[in-house]
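Report on one structure; see the data block that follows.
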Amino acid sequence: MKDRGYYGQYGGAFLPEILTTTFDELEAIFNSIKNDPCFWKEYKSLMSSYSCRPTPLTFAENLTDHFNGAKIYIKREDLNHTGAHKANNVMGQGLLVKKMGKKRVIAETGAGQHGVATATMAAKFGFDCTIYMGEVDVLRQRPNVFWMEQLGAEVISVKDGTRILKDAINEAFRDWVENMDTTHYVLGTACGPHPFPEMVTFFQSIIGQEARNQILEIEGKLPARVYACVGGGSNAMGLFSGFLNDPVELVGVEAGGKGLNSGKHASRLSSKDASCGIAQGYKTYFLQDSDGQMKETHSISAGLDYVGVSPILSKMHDMKEARFESATDDDVVKALRFTMQKEGIIPALESAHAFAFAFKEAGNLSKDDIIIINQSGRGDKDIFTVADAFDDPKWKQFIIEKALEYKKNA
Ligand SMILES: *Cc1c(COP(=O)(O)O)cnc(C)c1O
């Protein structure tokens, strides 16, 4: 097992012995479908009837006029069911679970978006579903917890350790070890032990395949650059997959938080603060101190606030096959407001990182150049954070009045 799933020195599968059989089974089923055109057809057909695929490639005419450089196109992953590219991965894994004959899925979630997507998939396929979430995150992300429960999932609030994502991951692994005969662990991004990075990338590659065909159809040529935000790296790998053999520059944008010199960010590949290590079953760049203790990360967007990163992107970073940059919280909020007002499109805070950095470069390119920005998700989910960041007084008043109303009726 340990010799498989390496990208340069990164990746691998560092697992407790007891999970070997389950991982072998998962790898075997994945290997049986990954070159099977019938499976890909089944997957595409499911995604077209359930998740609005192919998602459009939108020409951002007003942004293009404003920056007066490259033509800006937006790949609309926000139009997926449940509002983000996460649907591509969870529905794909759902099909595999069905093929393996398992009846239960588990997942861990920080911000709750992957939990909602997994609970949705479980409802659709008729699986039992348990979602692990740190107690701190359960308290912060009530709207997502509400929807997971309404969709029929059991949400377990993890009270160990620092009560956040990494503690939820440990608990989910514990569950998997106990129930591996019946249960599949739906990992949410292109990280973790082999075959997850490859498998999640495979499902997300539908983004890049479509984008490449669409831009060739609309413009008759390839883009100069494509931009995607990088949390664990799944939407970036999805978009990049379409252009790996093309003369297209791939740009990944990480969470710059309060700035790369502040120590309050989640930039693994674009800062000097991360180093190679092994944790959570795989080897990659982690934001860790010299003793291997994971550092605290910060981002305005919960989905990018992550200590590790896809081992595939770590290798692409070292080989200079992709360029990694960062956008600060402040830049992201500005880019979000600008995109809404210019195009009537509301990107998720995660996606707004890609927009923010692309806006810095668009004007330096020529009018013959094309860029594509991946809009990984829609921003409605961020209303609490964004209304705070915009310091909207009417929103504050609304929350206060809601709270008073509940108090009166309590
Ligand atoms: C979860 C999420 C991300 C980050 O995950 P990746 O695996 O890096 O793609 C980005 N955008 C949105 C909208 C998300 O929900």
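In listed order, ligands and their atoms are each counted from 1.
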**Prompt:** When you look at NZ of K295, are more than 12 heavy atoms from neighbouring residues, nucleotides or ligands closer to it than 6.0 Å?
**Reply:** yes
**Asked** ligand 1 versus S376, non-hydrogen atoms closer than 4.0 Å: side chain, backbone, both, neither?
**Response** both
**Asked** Which pair of heavy atoms, one from A122 and one from V105, lies closest together, and at what distance?
**Response** CB-CG2, 3.9 Å
**G233: numbered ligand 1 atoms lying under 4.0 Å from its heavy atoms** = 6 (P), 7 (O), 8 (O)
**Proximal atoms of ligand 1 relative to G377 (non-hydrogen, under 4.0 Å)** = 13 (C)
**Complete:** closest protein heavy atom to atom 14 (C) of ligand 1 is K86 NZ, 2.8 Å
**Request:** Could you point out which residue of K381, H85, Q375 forms a side chain to side chain donor-acceptor pair (under 3.5 Å) with E350?
**Result:** K381
**Item:** ligand 1 contact by A236, heavy-atom criterion under 4.0 angstrom
**Value:** no
**Nearest-contact summary for atom 4 (C) of ligand 1 - protein heavy atom, Å** = G303 O, 3.4 Å
**Message:** Below the 3.5 angstrom mark, is there an N/O of E350, backbone or side chain, next to an N/O of ligand 1?
**Reply:** no
**Prompt:** Is it true that the side chains of E254 and S270 contain a donor and an acceptor less than 3.5 Å apart?
**Reply:** yes
**Asked** For ligand 1, which atoms have a heavy atom of A348 less than 4.0 angstrom away?
**Response** 13 (C)
**Asked** Should S234 be counted as touching ligand 1, given the test is an N or O pair under 3.5 Å?
**Response** yes
**Asked** Is atom CD of E149 surrounded by more than 12 heavy atoms (other residues, nucleotides or ligands) closer than 6.0 Å?
**Response** yes
**Fill in**
One finds that the ligand 1 atoms under 4.0 Å from a non-hydrogen atom of G231 are 8 (O)
**Y306: partners by ring pair (Phe, Tyr, Trp, His ring centres under 6.0 Å), with sequence neighbours left out** = none
**Request:** Answer yes or no: does an N/O atom from G232 fall short of 3.5 Å to an N/O atom of ligand 1?
**Result:** yes
**Message:** At less than 4.0 angstrom from any non-hydrogen atom of T189, what atoms of ligand 1 do you find?
**Reply:** 6 (P), 7 (O)
**Request:** Considering the heavy atoms of C229, write down every atom of ligand 1 situated less than 4.0 Å from one of them.
**Result:** 10 (C)
**Request:** Starting at CG of N88, measure out to OG of S234 and round the result to the nearest 0.5 Å.
**Result:** 8.5 Å
**Fill in**
Under 4.0 Å from one or more heavy atoms of N235, ligand 1 contributes atoms 6 (P), 8 (O), 9 (O), 10 (C)
**Request:** Please report the closest heavy-atom contact between A274 and S271, naming both atoms and the distance.
**Result:** N-OG, 4.3 Å
**Message:** Restricting to ring pair (Phe, Tyr, Trp, His ring centres under 6.0 Å), what partner residues turn up for Y10, sequence neighbours left out?
**Reply:** Y285
**Item:** Non-hydrogen atoms of A255 and S267 that approach each other most closely
**Value:** O-OG, 2.8 Å
**Message:** Once you restrict to heavy atoms under 4.0 Å, what part of H85 touches ligand 1? Side chain, backbone, both or neither.
**Reply:** side chain
